[in-house]
Amino acid sequence: MSGQSTTEFVIEPGPPLSGEITISGAKNSVLKLMAATVLAEGTHTIYNVPDIFDVGVMCKLLESMGAETSRRPGVVEIKIRNISPVAPFELVEQMRASTAILGPLLARYGRAEVGIPGGDDFGHRPIDMHLTGLEKLGATFDVQPEGLVGTADRLTGGEVVLGFPSVGATENIMMAAALADGVTHIENAAREPEIADLASMLNKMGAGIVGAGSSRITVTGVEVLEPVSHRCIPDRIQAATFLAALGVTGGEILLRDARYDHMDMVCQKVGEMGLRTSPDRDGIWAMANQRLHAVDLSTLPYPGVATDYKPFLASMLCVADGTSIVTENLFAGRFRYVDELVKLGAEVRTDGNHAVIKGVKRLQGANVVSHDIRAGAALIVAALGADGQTIVADHGHVCRGYPDLAGDLRKLGATIHERPAG
Ligand code: EPU
């Protein structure tokens with residue numbers, strides 16, 4: 001799954017980062033907020049929308065089903081009327097977040113024809129928990145290799161216990177339950193801030209959701225939902241990317257609009273590595289003025305250290321003093337970027353879901369390739385701590401999650417530019 005054409009990020013050694021940037025709306029929230037608009041006829045307005053490739057894909061997906069969308073900087077307006085519940089397979093295949101359309105379509109139209117999302121470069125990502133949860137509410141599915149057809153005369157509230165706190169499954173079940181008859185309980189629900197953001201928008205639409213952000217969510221179904229205006233939360237993963245960049249270069253920055261309360265654990269982890277961070281009236285202030293220390297870390301569902309942070313935290317550890325053990329507990333294949341870090345001179349060994357990183361003083365510039373959004377960001381972060389020039393070839397991944405990563409780093413003083421791959 002990738003976005004636009006191939007570009008190259010060219011990174012040269014630069015001074016410590018300084019200054020401020022504004023963190024945009026969260027990719028992993030806004031795509032679900034957009035899918036949720038299908039639950040109510042009328043015109044919805046979402047604010048703080050990041051200017052990223054995936055928002056364009058979600059607009060296309062909604063348009064292909066009959067919605068009208070219009071975008072201006074930071075805002076998307078979505079008019080829902082006469083929706084056809086068929087999500088074209090080629091769009092779903094481009095972006096896994098398209099599966100968020102499944103619950104809303106079933107709840108509102110009693111039918112959903114949706115492609116099976118392709119796997120990311122970090123491995124197979126099934127949707128069995130989405131389907132079992134929706135079946136508990138009365139949906140039935142005909143699953144074919146290329147896509148599935150879901151039907152439900154009328155969804156009915158039920159007891160759903162997730163085997164793992166899946167973000168996507170929690171969201172799909174919560175959206176479907178919002179228009180079901182009766183009460184649904186979701187046990188072992190994902191607790192990510194993006195879930196609470198979605199619930200907050202649904203409640204503004206008239207839904208009866210209690211407990212989002214905790215591991216037990218109760219949804220009391222209602223007959224009808226209303227269109228809404230909602231402001232998306234800031235992107236904690238984007239904010240953490242800049243903390244990692246700061247850790248590698250040193251310096252002092254302000255991440256305007258970032259929310260410390262969404263980033264407690266990652267701030268704690270980078271704190272153990274030697275960064276100072278604190279909540280500021282305008283966002284998060286951070287400073288790095290020493291060589292980073294090695295730490296062990298293990299990815300976990302929220303509030304643990306998110307798997308999405310891990311690639312660029314690993315980049316920090318590549319230049320830290322000492323040896324760190326990094327454990328991936330969510331996506332088995334999410335170590336592919338390590339081979340590229342090694343090309344930059346990092347000393348990393350992987351064994352199953354563990355990576356052992358022996359920090360070196362400086363990395364060396366090289367030509368490397370990014371395989372997914374966060375891997376691309378991680379290689380750019382690592383390159384900031386390398387001697388000589390690094391070129392990160394990126395087949396349209398980074399633009400899926402970052403509005404202008406190179407531009408934002410330049411604002412902070414980094415020497416980086418982006419050009420079409422030659
Ligand atoms: N899983 C199943 N069956 C399911 C659903 C999930 O086995 O039905 C497994 C997955 O394979 C994985 C684990 O459960 O091992 C967690 O998956 P989850 O469903 O929580 O992830 P997701 O909803 O597919 C979102 C983010 C990811 C982020 C994960 C974990 C979006 C669009 N994506 O994915 O973000 O890594 O949660 O926090 O919200 C990214 O932004 O680069 C990204 C990949």
Side-chain angles (χ1 to χ4, degrees), residues 1-3 24-36 50 52-55 57-58 61 92 94-103 116-136 141 143 148 160-175 186 188-198 215 232-233 235-241 262 265-266 299-312 328-334 336-337 353 370-378 397-402 405:
M1 290 193 282
S2 70
S24 75
K27 168 180 93 73
N28 288 349
S29 194
V30 77
L31 299 172
K32 325 303 172 60
L33 302 178
M34 291 173 73
I52 53 173
F53 187 83
D54 279 9
V55 166
V57 179
M58 188 54 95
L61 184 74
V92 177
Q94 268 187 47
M95 186 180 74
R96 184 178 165 84
S98 329
T99 44
I101 209 71
L102 189 58
I116 301 278
D120 266 286
D121 266 356
F122 48 84
H124 181 53
R125 295 170 68 185
I127 58 164
D128 55 306
M129 284 191 269
H130 300 231
L131 303 189
T132 330
L134 293 168
E135 278 168 355
K136 285 268 161 55
F141 293 98
V143 185
L148 58 87
V160 179
V161 182
L162 295 176
F164 183 90
S166 154
V167 172
T170 303
E171 290 164 340
N172 249 328
I173 297 159
M174 194 167 76
M175 289 190 279
I186 312 173
N188 198 22
R191 291 184 278 168
E192 272 71 1
E194 292 75 21
I195 307 271
D197 195 27
L198 176 60
S215 55
C232 179
I233 57 169
D235 197 313
R236 62 198 167 97
I237 304 166
Q238 198 188 112
T241 310
H262 291 171
M265 188 53 79
V266 70
T299 63
L300 283 173
Y302 191 84
V305 176
T307 173
D308 295 322
Y309 298 141
K310 189 203 59 188
F312 37 81
E328 171 60 54
N329 290 312
L330 274 85
F331 295 109
R334 213 169 188 178
R336 213 172 146 195
Y337 59 91
N353 63 332
S370 101
H371 295 292
D372 72 65
I373 307 174
R374 310 303 169 194
H397 295 294
V398 171
C399 65
R400 290 185 49 210
Y402 296 85
L405 184 55

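Ligands are counted one by one from 1 in listed order, and the atoms in each one are counted from 1 as well.
With contacts defined as side-chain heavy-atom distances shorter than 4.5 Å, the pair M265/P303 does not qualify. Using a 4.5 Å heavy-atom cutoff, the side chains of F141 and L134 are in contact. Side-chain contact between Y337 and K310 is present, with at least one heavy-atom pair separated by less than 4.5 Å. Side-chain contact between P50 and D235: absent, with no pair of heavy atoms (C-beta onward) separated by less than 4.5 Å.
Of all the heavy atoms of D308, the ones lying under 4.0 Å from any atom of ligand 1 belong exclusively to the side chain. At a heavy-atom distance under 4.0 Å, only side-chain atoms of R374, from C-beta outward, approach ligand 1.
Close contacts of ligand 1 with R96, meaning ligand atoms under 4.0 Å from a residue heavy atom, involve 24 (O). Residue contact check: G168 has heavy atoms under 4.0 Å from atoms 19 (O), 23 (O) of ligand 1. Near K27, meaning under 4.0 Å from any of its heavy atoms, are these atoms of ligand 1: 40 (C), 41 (O). Atoms of ligand 1 lying under 4.0 Å from any heavy atom of M129, numbered from 1 in the order shown and given with element: 1 (N), 2 (C), 3 (N), 4 (C), 5 (C), 6 (C), 7 (O), 8 (O). Against a heavy-atom cut-off of under 4.0 Å, A97 is close to the following atoms of ligand 1: 32 (C).
Of the candidates S29, A377, S166, P126, the one placing a heavy atom closest to atom 4 (C) of ligand 1 is P126.
The backbone N or O of A375 lies less than 3.5 Å from no partner atom in the side chain of S370, so there is not a single donor-acceptor pair.
Within the model, atoms CD1 of I373 and CG of D54 stand 6.0 Å from one another, a figure rounded to the nearest 0.5 Å. The CD1 atom of I101 sits 7.5 Å away from atom CE of M175, with the distance rounded to the nearest 0.5 Å.
Ligand 1 has at least one atom lying under 4.0 Å from a heavy atom of K32.
The heavy-atom pair separating I173 from L162 by the smallest distance is CD1-CD2, 3.9 Å.
Residue contacts with ligand 1: A169 is placed with no nitrogen or oxygen under 3.5 Å of a nitrogen or oxygen of the ligand (distance criterion only). Residue L330 has at least one N or O atom closer than 3.5 Å to an N or O atom of ligand 1. Taking only nitrogen or oxygen atoms, main chain and side chain alike, T307 does not reach within less than 3.5 Å of ligand 1.
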